[in-house]
Amino acid sequence: MNPLDTEAAMKPASDSILNPAAPARQEAPLLTVDNLKVHFPVANSRLPFAGKRMLHAVDGVSFEVRPGETLGIVGESGCGKSTLSRALIGLNPPTSGRILWRGKDVAANGSKRDPSLCKSMQMIFQNPIASLDPRMTIERVVAEPLTTHFPGMGAAQVRERVLRIIERMGLSQAHLQRYPHEFSGGQCQRIGIARALISEPELVICDEPVSALDVSIQAQIVNLLKDLQRETGLALIFVAHDLAVVKYISHRVLVMYLGRVMELADKRVLYASPHHPYTRALLAAVPRPDPLRQRQVRATLGGDLPSPLALPSGCVFRTRCSYADAACAQQRPALDLMDDGAEVACIHPQFDHAGEKIAAHRL
Ligand SMILES: Nc1ncnc2c1ncn2[C@@H]1O[C@H](COP(=O)(O)OP(=O)(O)OP(=O)(O)O)[C@@H](O)[C@H]1O
Ligand code: SF4
Ligand SMILES: [Mg+2]
């Protein structure tokens with residue numbers, strides 16, 4: 001699919017919708033992720049007795065999400081976006097690091113998560129049809145978070161809340177007794193969103209919620225999420241491959257590569273003047289209508305993603321980076337704050353695509 005199609009299909013009503021003001025940065029974060037690692041032990045198929053190796057799916061990721069904010073997460077397939085999302089929601093146990101909800105560790109000292117957190121943090125999955133239980137009616141699918149987290153709620157009130165949210169998603173009472181297989185992909189994703197929102201969460205993690213849908217349905221779902229955010233102050237983490245969709249919906253964008261954060265910046269800064277060579281390569285890969293501009297940014301992303309079982313030393317991007325030198329193999333770059341507010345994990349972030357010095361530099 002051409003990302004330009006997606007951008008056009010979104011058709012914002014105004015520039016303030018295309019570029020919403022970011023929520024106030026002074027507000028205390030809802031979610032704080034601190035040096036999170038998720039490593040999987042993997043058996044060596046060639047040497048079955050050699051013991052397990054560790055696959056570094058998420059390798060020291062830190063960021064914050066504030067109320068009403070959308071943080072976009074992008075990166076190539078296999079860079080750890082879903083593993084990170086699943087760790088945040090409690091489906092993948094972290095190997096180390098902390099996840100704080102309103103400043104409180106969600107699993108301090110290895111204890112179980114507070115079940116009330118499940119009401120506050122919900123997830124929308126990539127495959128809308130597979131994420132709904134085929135044996136349950138839509139009414140039961142959508143009601144389940146309420147019946148689980150609010151056991152004292154009466155049946156009439158549950159039904160009224162289900163009906164209200166399902167109508168907000170553009171479906172009706174007539175749909176409630178049907179089963180997931182009777183709906184299209186777009187309708188199933190609306191049902192998945194209804195299920196995620198019925199407990200009135202403060203943060204929804206959307207793991208590629210539109211990538212299985214066609215462009216016009218993508219636009220409907222993304223606009224629906226934006227409307228809901230404006231109405232309720234909901235915070236979103238929005239994972240996607242499609243940089244145009246991420247640009248449209250996000251306030252800030254986090255770029256991941258091999259389980260690590262390469263760049264984290266306000267979306268206007270990131271799309272206008274990306275610092276990290278990987279961010280620039282990802283953006284250069286997006287087709288552009290202006291051929292001159294297209295030529296200027298043709299810093300292509302060559303080679304394959306290295307195995308997360310054997311990460312390159314130093315900077316993990318060095319095997320594909322045209323600016324790599326000996327220092328890049330020695331030292332793992334920390335996230336440095338630049339003078340435009342971007343945080344960048346690169347020891348040479350000051351060159352543009354043509355090797356020219358650019359204005360921004362470390363603070
Ligand atoms: N349960 C698991 N056991 C072992 N390895 C895993 C497990 N889950 C994920 N991985 C590996 O972790 C790495 C990151 O996978 P992940 O699904 O998080 O990537 P992703 O960025 O979401 O990719 P995509 O864009 O294709 O969805 C991959 O190498 C994957 O094979
Ligand atoms: S640290 Fe070196 S290898 Fe890594 S992105 Fe920067 S220049 Fe490239
Ligand atoms: Mg994924």
Side-chain angles (χ1 to χ4, degrees), residues 36-45 52-59 61 72-89 91-95 123-127 130-131 205-212 237-243 245-246 254-263 274-282 299 301-336 338 342-353 355 357-358 361-362:
L36 190 73
K37 297 186 181 176
V38 184
H39 297 171
F40 297 111
V42 176
N44 189 333
S45 54
K52 293 191 170 171
R53 294 185 294 168
M54 294 311 274
L55 187 148
H56 296 220
V58 174
D59 199 37
V61 167
I73 300 185
V74 297
E76 283 168 281
S77 184
C79 72
K81 304 179 297 294
S82 294
T83 305
L84 172 62
S85 304
R86 290 169 61 81
L88 299 180
I89 204 83
L91 296 174
N92 275 335
T95 306
M123 184 145 170
I124 300 171
F125 295 90
Q126 175 172 0
N127 187 333
S131 66
I205 300 164
C206 312
D207 185 9
E208 308 224 27
V210 295
S211 48
I237 292 179
F238 192 93
V239 174
H241 279 103
D242 187 330
L243 289 156
V245 176
V246 170
L254 183 154
V255 180
M256 266 184 99
Y257 183 80
L258 277 180
R260 297 185 190 169
V261 179
M262 298 289 110
E263 183 157 2
H275 293 279
H276 198 283
Y278 181 57
T279 313
R280 296 203 294 260
L282 282 182
L301 192 54
D304 292 328
L305 195 70
S307 166
L309 282 166
L311 296 179
S313 64
C315 172
V316 283
F317 186 56
R318 72 179 169 80
T319 56
R320 301 166 83 190
C321 178
S322 44
Y323 306 109
D325 60 17
C328 303
Q330 303 301 322
Q331 147 188 9
R332 174 174 172 167
L335 271 181
D336 269 338
M338 314 300 285
E343 293 175 63
V344 185
C346 173
I347 58 178
H348 306 302
Q350 68 273 42
F351 295 103
D352 73 4
H353 330 287
K357 278 251 186 197
I358 52 175
H361 50 271
R362 290 189 176 93

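Index from 1, following the sequence. Side chains are part of it too, since the values below use all heavy atoms of this structure and drop only hydrogens, waters and symmetry mates. Start at 1 and go down the list; that is how both ligands and their atoms are numbered.
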When you compare ligand 1 with [X], is there at least one nitrogen or oxygen pair between them that comes in under 3.5 angstrom?
{"X": "S77", "value": "yes"}
{"X": "G80", "value": "yes"}
{"X": "G78", "value": "yes"}

With distance as the sole test, does [X] use its side chain to make a donor-acceptor pair with the main-chain N or O of [Y] at under 3.5 Å?
{"X": "K81", "Y": "I73", "answer": "no"}
{"X": "E263", "Y": "H275", "answer": "yes"}
{"X": "T279", "Y": "P274", "answer": "no"}

Examine the proximity of ligand 1 to [X] and report which part, side chain or backbone, both or neither, has a heavy atom under 4.0 Å away.
{"X": "E208", "value": "side chain"}
{"X": "C79", "value": "both"}
{"X": "T83", "value": "both"}

For [atom], what is the nearest protein heavy atom, given as residue, atom name and distance?
{"atom": "atom 4 (Fe) of ligand 2", "result": "C315 SG, 2.3 Å"}
{"atom": "atom 11 (C) of ligand 1", "result": "L55 CD2, 3.6 Å"}
{"atom": "atom 1 (S) of ligand 2", "result": "I347 N, 3.3 Å"}
{"atom": "atom 5 (N) of ligand 1", "result": "F40 CD1, 3.5 Å"}
{"atom": "atom 8 (Fe) of ligand 2", "result": "C321 SG, 2.3 Å"}

Apply side chain to side chain contact (heavy atoms under 4.5 Å, CB included) to V42 and K52, showing your working. CA-CA 5 Å; V42 176; K52 293 191 170 171; over 6 Å; no

Heavy atoms, side chains only, cut-off 4.5 Å: are [X] and [Y] in contact?
{"X": "P312", "Y": "L258", "value": "yes"}
{"X": "S313", "Y": "R318", "value": "yes"}
{"X": "L55", "Y": "L309", "value": "yes"}

Just to check, does H241 reach to within less than 4.0 Å of ligand 1 when the distance is taken from its heavy atoms? yes

Please confirm whether G75 approaches ligand 1 to less than 4.0 Å, judged on its heavy atoms. no

Just which atoms of ligand 1 are under 4.0 Å from any heavy atom in S82? 17 (O), 18 (O), 20 (P), 22 (O), 27 (O)

Can you sort out which atoms of ligand 1 are near P308, meaning under 4.0 Å from one of its heavy atoms? 29 (O)

Check each heavy atom of C346 against ligand 2 and say whether those closer than 4.0 Å belong to the side chain, the backbone, both or neither. both

Heavy-atom distances under 4.0 Å are what count here, so tell me which part of H276 touches ligand 2: side chain, backbone, both or neither. side chain

Using 2.8 Å as a strict upper limit, say whether an N, O or S atom of C328 approaches atom 4 (Fe) of ligand 2 that closely. no

May I have the step-by-step check of side chain to side chain contact (heavy atoms under 4.5 Å, CB included) for F238 and V210, ending in yes or no? CA-CA 10 Å; F238 192 93; V210 295; 4.2 Å; yes

Criterion side chain to side chain contact (heavy atoms under 4.5 Å, CB included) on R320 and L305, from CA distance to verdict: CA-CA 8 Å; R320 301 166 83 190; L305 195 70; 3.7 Å; yes

Between the Mg ion (ligand 3) and S82, is there an N, O or S atom separated by less than 2.8 Å? yes

Does some non-hydrogen atom of the protein lie less than 4.0 angstrom from atom 30 (C) of ligand 1? no

Would a 4.0 Å cut-off, counted as strictly less than, catch a protein heavy atom around atom 26 (O) of ligand 1? yes

According to the interplanar angle, ranging from 0 to 90°, do the rings of F317 and H276 count as parallel (below 30°), tilted (30 to 60°) or perpendicular (above 60°)? tilted

Passes side chain to side chain contact (heavy atoms under 4.5 Å, CB included), E343 versus V261? Steps please. CA-CA 9 Å; E343 293 175 63; V261 179; over 6 Å; no

